[in-house]
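Chain letters run A, B, ... following the sequence lines, proteins first and then strands; every chain starts at 1.
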Amino acid sequence: MGDYSKDEIKRIEEKWHTEWQKRNVYRVTEDPSKPKYYVLDMFPYPSGAGLHVGHPLGYIASDIVARFKRLKGFNVLHPMGFDAFGLPAEQYAIEHGVHPAKSTQDNIKNYKNQLGKIGFCYDWSREVQTCDPSYYRWTQWIFLQIFDSWYNRKNKKAEKISSLTWIFENEGNAEHPFPNTKYKLNNGEVTFTLHDWKAFNQKQRQEILMQYRLAYLANTDVNWCEALGTVLANDEVINGVSYRGGFPVVKKQMRQWSLRITEYAERLLDGLDKVDFSDSMKEIQRNWIGKSVGALIDFRLTPNPSPGERGTAVRGRETADKKYWKYLKEFSRDNRKNQTEEECILWEELRNSKLGYKIRRQHAIDAYIADFVCLDKRVVIEVDGEYHKDNKEFDDARTVVLNAEDFQVIRFTNEEVKSNLKSVLSQIKIALDKSPSIKESNPLSTGEVRGEAKITVFTTRPDTIFGVDFMVVAPEHEIVKAITTNDKKEEVEQYLKYVESRSEIDRMAEVKKITGCFTGAYAINPFNNRKIEVWISEYVLAGYGTGAIMAVPCGDERDFKFAKHFNIPITNIIGKYFDGKEANPTKEAILENSDFLNGMVMHKAIDVVISKLEEKEIGKRQVNYKMRDAGWSRQRYWGEPFPVVYRDDMPYPINDNELPLKLPDTDNFKSPGTGEGPLANLKDWINFSENAKRDSNTMPTHAGAAWYFLRYMDPHNTKEFANRKALDYWNQVDVYIGGSEHAVAHLLYSRLWVKILHDLGYLSFDEPFKKLINQGMITGSSRFVYRIRETNKFVSFGLIDNYDTDSLHVNVNIVNDLELDTEAFKKWKPDFANAEFILEDGKYICGSANEKISKSKYNVVNPDDIIDKYGADTLRMYEMFLGPLEQSKPWSMSGIDGVYKFLRRFWNLFHDNLGNWNVSEAEPTKEELKALHKVIKKVEYDVDHYSFNTSVSEFMICANELSSVKCNKRAILEPLTIVLASYAPHITEELWEKLGHRDSILNARYPEFKEEYLKENDFEYPISINGKVRAKMNFALDMPVSDMEKIVMASESVQKWTEGKAPKKVIIVPGRIVNIVL
RNA sequence: GCCAAAGUGGCGGAACUGGUAGACGCGCACGACUCAAAAUCGUGUAUCCUCGGAUGUGCGGGUUCGAUUCCCGCCUUUGGUACCA
């Protein structure tokens, strides 16, 4: 037996891989007698390229933690699996005709083989693959739980839809408004009563419930990528092009599944305070959620002079005479409550636009109340009961007034309604059909404001209300057409066309371009009644806030530039803080020109203004989030099918016993190009019965990844996604290691799913990951050769200035550091077989650069090659030795020899020069014990702090110290082997066995650290004079400070510097330093 | 632009709550072994210098007996984000 040689390493590693598997040493089960520890890696997407040296970095770190915790007596769950659905396999299928299921399985096999060689302690019996029907059965199940729940804002948690239907049946939706504030019922209302609810038909109810479901269908603006034939999530679009492939992306309206993650915005934000993520990771998530606190403020619009064909008192819904409104409101409400029988009958037929027109009842017009009115057609319908009969005069007067207001009045008797409802309805219908619609006749209005005569803005700076110089509305805002005056009509239309013509990419490319158009309308500042212009501009986004802003040029940069560009005068409310040259967004300035806010500091004025707004009922406090709901449909084949069927265009969940809804087999993965997913090609599958259809889309890869860490706890359960006992035992992931590229999507969706499952009572915890560590990215070190243009001659790097050359990536595996193996180069590609070289000093030196590791850059280093040469233990320790885990760093092979030498030196401690086993039973010395306990302490500290590189240093120091004293004592080497076991499992397991142990070192106990061995009696103090070290002196640690001072001051070396003078001050820190101040 | 993190020898990096800056490793130089090379082992290695010392942790200031560490201002790099009101 021998040396720690290449052959011996290979023998050891292969032996133990077989042995570990045979003995099932990594299998874990729930064991309530032991504390648990859950160490999780972000599971990989098994790509065809296999693992490169960058991948194992995080896995090695987590493996060390898992092994360490096990040695410390924890029951450790350390599983691995594969995120196996996804686009690359599908694209590969389209290009090469290999079914994704096949290529994915091949890749997984390769990954497992590669991972196996590194010696990870995964319990493979718990492996999950997201594309496995027995796994995605539960992904679909959870999706259905989410579909079947809504977010109750009152108690801030998800509840079953059944609790919502109960509420609707008993009280309507007044207490639980639609989450989407823009949503309106068919009749234009946003609330409905319990009676309304009872009157709705099945489809209407489903549509309303859809507005509340946490997984819902809606027509949404999606990022449509024509080239990929699919919809992309916001985080898959970078600068207007697709994350993969870089293809252009445009906005398109499609009926899509979404998750209502916005309801959880606040809890996702709050949860960040409870978890241990890095600051930057938390910050990225906070920015993504994008909470801002401010106010909604209503700005009334001025009544523009109308062309005069109608009276000014009557506009839009507010048709009542203001003088009488107070009383009319009461009447109208009473009347609604105490409807006559006939009115009820008629109302049932008119409501909800049943005749195709929106009808209101008991609506105040001028000083009267009409029974029914269609405002759009200006038709009033009156039903004369006893009450009216007695008041003929009154009714006549009313008709006169209404006619004057341009309303047509049609009357029916109670008798007619009761006995001949059909004829009544048809008369009404005819009257309505004949009358001109206000909307139709004025596609771009005459400037007269109909609908709500106000614009609501969202602002985070209500304190700047007196600095508002104009308003800007998003071009897509629905109010634009209604407010544009005749003389501006053309200009506005032109601008809208321009905006429409601009793609996302154009907009992003020219962010700083200032464009806009005045609508001709004016708004009134509710605080000082100032009349201000209303503009439209693309810098205001329809999708954020209310799609309208109040512009304060002295405080907002964009508003300032806009005002300058269009010559709008600027009001200064912050005095000297505003220089007229650029906006100042400060919150610290003292307000001026601001009426009751004068003299107040801006940030204090915010609340004052909001209180005033609420008091005057023209605004309120408002929180806004940037985050949008998560699009959950993908027009792809290789994903989870949605477990629903559509009947009458509404989705219904399939039964539990029909799960999993298996992905049907096909060889056609191309999108049909209709916006539907590839599954639409499978007609029999899609139209599975006469009036029932399936969804042609599949879920995004995020779905499978949003809960895989839960499945590991109970991976073979066929009854539940995981057993509650196992979920409670393993609980939260104690430490989660992975790349920071998943900061937004994966982590947010996982956190969301866990919160929903928690709310629904399936989980006891509501944050999945207690601690998150992001390993840095290992960048590749690329090598270049320089070909002289139009020749096959290559010139060495030092000489390229003399030639006209092109640089080409060269395979790093045929370059030794920087020197090219020219023979290997000639064999590398046929093109280079006849290559000639211009050398320097007889060598061909390559150029180099650090880049992302990628196949196309030929800088991929396969861990298998390193293991072949040095063994897995060296690879593991070297990757840790590269630097701090969280820092990204370039890959370089220089330095790996140092780690390899360490392991050999460690091996040699147990063997003599001839490679024979040579361990003594002698008592260790104080020095040897000290060396051992230093490393026991250090490794414990470092694993806790994820500082693995410094542990490797400490191992080296320890081995150096022990070698120099030729220590081969069991009392030192045995515990040291355990300490090293987490880092280098193979060599330690072998030595452990040679030390005479039959059980695996995995089941050993981490040696206990004893402070006494590190205790020193004395310390060599650095003696510094004015902060500079001038001498060193040895003192006992327990020597009194006063004695030390005397000796130091009397010493020759100090005398030389003090020249006999008394020092100003002498500072002595025991065990640290002596500093003399002259 | 905004937000976050980070800047230390030729290189990767170390330094606990302010206490000897450069641990450990690579590289390099010299030496041992060898006919020689490789491998291995040993010694040295921040910079400048008149060999006493001076300078030195991105730059400029500050607090302190003492600052890589704390504070202020700036520069650079990396990551995130972007007309978010």
Distance-only criterion, 3.5 Å: show the donor-acceptor pairs between side-chain atoms of residues 1071-1078 of chain A and protein atoms not counting sequence neighbours.
from, atom 1, to, atom 2, distance (Å)
N1075(A), OD1, S1024(A), OG, 3.1
N1075(A), OD1, G1027(A), N, 3.2

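Comparing A5(B) with C71(B), their P atoms sit 12 Å apart, to the nearest whole Å. Comparing the C1' positions of G10(B) and U63(B) gives a spacing of 36 Å, expressed to the nearest Å. Comparing the C1' positions of U45(B) and C11(B) gives a spacing of 14 Å, expressed to the nearest Å. Across the P atoms, U57(B) and U8(B) are found 11 Å apart, a figure rounded to whole Å.
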Check: protein-nucleotides 38-48 of chain B nitrogen or oxygen pairs below 3.5 Å:
from, atom 1, to, atom 2, distance (Å)
U40(B), OP1, R904(A), NH2, 3.4

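Atom CG in L541(A) sits about 7 Å away from atom P in C84(B), given to the nearest Å. At whole-Å resolution of the value, CZ in R286(A) and C1' in G79(B) are 17 Å apart. Rounded to whole Å, the distance from CZ on R1030(A) to P on G52(B) is 14 Å.
Note on ring orientation: taking the six-membered ring where Trp is involved, the planes of F566(A) and W535(A) are tilted (angle from 30° to 60°). Ring planes of W907(A) and H911(A): parallel class, angle under 30° (limits at 30 and 60°). A tilted orientation is assigned to the rings of F1009(A) and H933(A), their planes being inclined by 30° to 60°.
Picking from G19(B), U20(B), A85(B) the nucleotide with the shortest atom distance to the side chain of K1032(A) gives U20(B). Between A4(B), G80(B), G25(B), one nucleotide has an atom nearer to the side chain of I284(A) than all others, and that is G80(B). Checking U20(B), G19(B), C83(B) against every side-chain atom of P1022(A), the shortest atom distance belongs to U20(B). In the set C24(B), C3(B), A85(B), A85(B) carries the atom at the smallest distance from any side-chain atom of Y544(A).
A salt bridge links E283(A) with R286(A): the distance from a Lys NZ or Arg NE/NH1/NH2 to an Asp or Glu carboxylate oxygen falls below 4.0 Å.
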**Request:** Could you go through the side chain to side chain contact (heavy atoms under 4.5 Å, CB included) check for L591(A) and M602(A) one step at a time?
**Result:** CA-CA 6 Å; L591(A) 284 160; M602(A) 296 178 99; 3.9 Å; yes
**Prompt:** ring pair (Phe, Tyr, Trp, His ring centres under 6.0 Å) between Y878(A) and F881(A): does it pass, once the steps are laid out?
**Reply:** CA-CA 5 Å; Y878(A) 181 56; F881(A) 190 53; 7.2 Å; no
**Asked** So R876(A) and I64(A), side chain to side chain contact (heavy atoms under 4.5 Å, CB included) or not? Walk me through it.
**Response** CA-CA 9 Å; R876(A) 291 169 61 107; I64(A) 291 169; 4.2 Å; yes
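In this structure, K889(A) places its NZ atom where more than 12 heavy-atom neighbours from other residues, nucleotides or ligands lie under 6.0 Å away.
If you check every strand for non-hydrogen atoms under 4.0 Å, N1075(A) touches a base. Backbone-only engagement by N960(A) is indicated by non-hydrogen atom pairs under 4.0 Å involving sugar-phosphate atoms exclusively.
Applying the salt bridge (Lys or Arg N to Asp or Glu O under 4.0 Å) test to every pair with at least one member in residues 952-968 of chain A, sequence neighbours left out, gives these pairs: K934(A)-E961(A).
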**Message:** For nucleotides 10-16 of chain B, give me one character per nucleotide, 5' to 3': B if any protein heavy atom sits under 4.0 Å from the base, S if the only such contacts are to the sugar-phosphate, - if neither.
**Reply:** --BSS-B
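Taking only side-chain nitrogens and oxygens, R558(A) never comes nearer than 4.0 Å to OP1 or OP2 of G1(B).
Nearer to the 5' terminus of RNA chain B, by closest-nucleotide assignment, is the contact made by G898(A) (compared with the other of D556(A) and G898(A)).
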**Prompt:** Dot-bracket for RNA chain B, 5' to 3', counting Watson-Crick or G-U wobble pairs under 3.5 Å, with [ ] for crossing pairs and | for inter-strand pairs?
**Reply:** (((((((..(((......[....)))((((((.......))))))(((....)))..(((((..]....))))))))))))....
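Residues satisfying the salt bridge (charged side-chain N to carboxylate O under 4.0 Å, His left out) criterion with R783(A), sequence neighbours excluded, are absent altogether.
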